[in-house]
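In what follows, a structure is listed as structure tokens, so that the remarks can point back to it.
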Amino acid sequence: MPTANGSKGPSPLRVIPLGGLHEIGKNTCVFEYGDDLMLVDAGLAFPSDGMHGVNVVLPDTSYLRENHKRIRAMVVTHGHEDHIGGIPHHLKNFDIPIIYGPRLAMSLLQGKMEEAGVTDRTTIQTVSPREVVKVGQHFTVEFIRNTHSMADSFTLAVTTPVGVVVFTGDFKFDHTPVDGEHFDMARLAHYGEQGVLCLFSDSTNAEVPGFTPSERAVFPKLDQHISQAEGRVIITTFASSIHRVSMILELALKNGRKVGLLGRSMLNVIAKARELGYMRAPDDLFVPIKQIRDLPDRETLLLMTGSQGEPLAALSRISRGEHPQVQVKPSDTIIFSASPIPGNTISVVNTIDRLMMLGAKVVYGKGEGIHVSGHGCQEDQKLMLALTRPKFFVPVHGEHRMLVCHSRTAQAMGVPADNMLIIDNGDVVELTPDSIRKGDPVKAGIELLDASRNGIVDARVLKERQQLAEDGVITLLAAISNDGALAAPPRVNLRGVVTTADPRKLSIWAEREIGWVLENRWKQLSRPGNGKAPEVDWVGLQREVEIGLQRRLRRELQVEPLILCLVQPAPAGTPPYKRKSEPAAAGEGRPAGRPRREEGDQQPSGRTRRRRSAAVGAGQGR
Ligand SMILES: [Zn+2]
Ligand SMILES: [Zn+2]
């Protein structure tokens with residue numbers, strides 16, 4: 001067995017979250033001991049405002065790519081997108097020998113892998129409650145049934161050479177679960193009794209006092225709204241909220257309404273869940289959407305995606321009058337049985353507004369009793385701590401303030417402040433039987449995928465898209481002669497740029513910028529061609545012009561459009577274009593003459609300024 005620094009005791013267990021901290025989403029965690037790497041979940045997150053054209057956010061997996069040979073297995077806690085959504089993408093980059101997980105999650109994952117064409121990159125193995133699997137030389141994992149908004153969800157007890165780590169996954173203590181599958185608290189208590197070295201626990205609702213109500217609690221309110229509705233009932237929730245969907249189907253049956261399903265994930269998840277027996281509903285309860293229009297409104301319930309205001313989801317399209325099959329009627333009752341994930345609030349309220357403007361009755365919001373969280377509140381978190389009695393504690397699955405709140409709860413429960421860590425993605429938790437500390441972090445960050453799910457949108461692409469969206473684009477076209485002079489006035493084009501500036505002024509600035517670069521940088525950017533055309537670093541030259549003009553626009557007009565400069569060599573023999581003397585009409589209040597960049601630069605960045613003066617100095621020295 002390897003030892004730490006060749007000294008006493010076993011080397012530390014390393015637990016490295018690559019996603020899911022300081023955020024809700026893309027939960028991805030690595031357990032590492034000796035030569036063994038075990039992954040726990042690999043989720044995705046959805047883009048925030050300003051991530052133009054980005055569909056999916058994934059964690060940076062450089063660390064896994066570098067160490068892929070040591071990956072022994074992945075264990076999955078449950079089938080929510082923020083826990084399995086990243087797996088098909090990662091499988092394009094590295095193999096995972098085997099993935100263990102609950103039946104429902106594995107079935108959903110199988111579909112995603114088929115779609116991505118990566119089924120040959122791993123083996124899927126479903127596990128049952130209390131099943132134990134061995135991963136590599138150093139890990140033994142027991143799957144403990146827990147309760148959550150998703151059916152078939154697990155908490156993990158991972159036995160390692162330094163002790164037992166309990167990894168809660170997403171949970172709440174629901175004592176009346178819709179599917180009758182109870183939280184296996186006896187098993188948690190068993191580990192607590194034997195001694196848990198460290199608890200990694202779900203912090204989503206750490207700020208909320210009390211217990212999270214049972215999923216069953218929404219049943220009466222939903223029943224009331226459905227039974228009192230005069231016309232159609234339209235309900236939106238997460239497709240993956242299996243228990244909620246089950247109850248809605250039960251209520252449809254009870255109230256004599258046929259169910260029409262809209263949205264790909266709704267159809268997909270319900271089909272899988274029914275096939276595996278997680279949802280019981282007779283076949284004739286469902287009517288294809290095209291036929292359901294022939295039924296009386298009072299006998300109709302439409303269940304659809306769009307609870308988060310996602311622009312392409314069914315309910316959002318209906319609210320914009322863009323759905324081919326369903327139009328809102330004033331007699332409709334529309335129920336939002338979900339609460340917005342932080343970041344989606346604005347799109348949700350906009351959808352509600354549009355639906356109300358179409359005359360429908362819309363039921364939404366916290367006070368209505370039509371939604372409960374799938375995550376435990378403070379009292380649930382205390383119960384988890386009480387059952388497991390961990391020596392060390394690490395709050396996970398939450399934004400920073402939630403992690404802080406959760407750590408306070410743990411302190412109140414008697415875990416010493418020195419025995420817990422608040423960590424960020426990429427931090428390394430090093431655990432020994434009697435210590436917890438942060439090791440050197442590994443690379444962590446985000447990868448953004450666009451609609452194709454193949455192209456990675458890096459930081460530069462994202463910045464350019466933001467500039468395009470917010471300030472538009474300016475293109476510059478210029479022809480340069482062999483000896484580094486402008487052959488004609490540059491052509492300037494604006495798209496999406498709002499400015500009060502005279503277009504002529506922009507042309508003059510562009511011309512000056514090019515002039516400055518040619519005058520001061522031509523020698524560095526070109527090599528004489530011995531009679532032939534010189535070799536010129538056109539890209540470098542364009543970049544210099546773009547940076548210079550950008551700086552001027554930011555300073556003079558407070559806009560930051562994307563600038564695209566295209567420079568071409570002028571045909572040989574083109575006479576240099578003689579710039580007209582600076583027109584006073586430019587109105588800059590500056591003496592006309594040779595444009596000098598430095599004179600107007602009040603606050604250039606230190607780096608740029610140094611580089612420029614050095615360049616000018618070098619030019620003069622020759
Ligand atoms: Zn979940
Ligand atoms: Zn989650």
Side-chain angles (χ1 to χ4, degrees), residues 17-29 39-46 56-59 74-87 101-109 112 143-156 166-174 177-179 181 183 199-208 212-215 237-246 265 269 272-273 278 305 307-308 337-344 371-377 380-381 384 394-400 402-403 406 423 425 446:
L18 295 174
L21 288 166
H22 291 87
E23 63 180 342
I24 299 284
K26 68 181 173 60
N27 300 283
T28 306
C29 192
L39 307 185
V40 178
D41 293 340
L44 54 74
F46 295 103
V56 166
V57 182
L58 292 165
M74 172 184 278
V75 290
V76 168
T77 57
H78 67 291
H80 272 151
E81 285 286 339
D82 63 325
H83 295 259
I84 64 168
I87 300 173
R103 211 156 57 103
L104 180 55
M106 293 300 98
S107 166
L108 294 169
L109 177 61
K112 287 175 192 297
F143 293 82
I144 300 172
R145 166 64 69 232
N146 73 16
T147 44
H148 180 40
S149 48
M150 178 107 196
D152 207 359
S153 174
F154 284 124
T155 287
L156 308 173
V166 172
F167 195 92
T168 66
D170 296 1
F171 77 95
K172 67 174 177 182
F173 285 100
D174 188 338
V178 172
D179 58 2
E181 287 271 332
F183 204 134
L199 173 70
F200 288 76
S201 187
D202 175 2
S203 309
T204 312
N205 281 332
E207 299 164 292
V208 188
T212 302
S214 167
E215 185 64 31
T237 188
F238 285 109
S240 57
S241 297
I242 304 285
H243 303 314
R244 186 73 46 83
V245 172
S246 286
S265 62
V269 174
K272 285 256 153 59
Y278 291 100
T305 53
S307 67
Q308 299 300 305
S337 188
S339 61
I341 294 175
N344 294 346
H371 175 68
V372 293
S373 174
H375 300 268
C377 295
D380 299 74
Q381 290 166 351
M384 177 60 81
V394 181
V396 292
H397 202 290
E399 293 166 7
H400 184 77
M402 303 168 188
L403 305 180
H406 201 175
I423 50 169
N425 297 325
I446 54 174

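Atoms within each ligand, like the ligands themselves, are counted from 1 in listed order. All values below come from the heavy atoms of this structure, side chains included, with hydrogens, waters and symmetry mates left out. A quick note: this is a predicted structure, and the numbers were derived from the prediction, not measured.
In summary, K112 and E81 engage in a salt bridge, as defined by a charged side-chain N under 4.0 Å from a carboxylate O.
Not a single N, O or S atom of D202, from either the backbone or the side chain, sits less than 2.8 Å from the Zn ion (ligand 2). When distances to the Zn ion (ligand 2) are checked against a cut-off of 2.8 Å, H83 contributes an N, O or S atom below that limit.
No other N/O/S atom of D82 lies as close to the Zn ion (ligand 2) as OD2 does. The Zn ion (ligand 1) lies closest to atom ND1 when only the N/O/S atoms of H80 are considered. Looking at D170, its N, O or S atom nearest to the Zn ion (ligand 1) turns out to be OD2.
Between H80 and H148, the ring planes are perpendicular. Angles over 60° get that label, and only those under 30° would be called parallel.
Using modelled atom types, one finds no donor on one side chain facing an acceptor on the other under 3.5 Å when comparing D41 with N27. A donor atom on one side chain and an acceptor atom on the other are found under 3.5 Å apart for N146 and T155.
A cation-pi arrangement, defined by a distance under 6.0 Å to the six-membered ring centre and an angle within 45 degrees of its axis, is absent between R145 and F183.
Angle NE2(H148) to the Zn ion (ligand 1) to NE2(H78): 100° [nearest 10 degrees].
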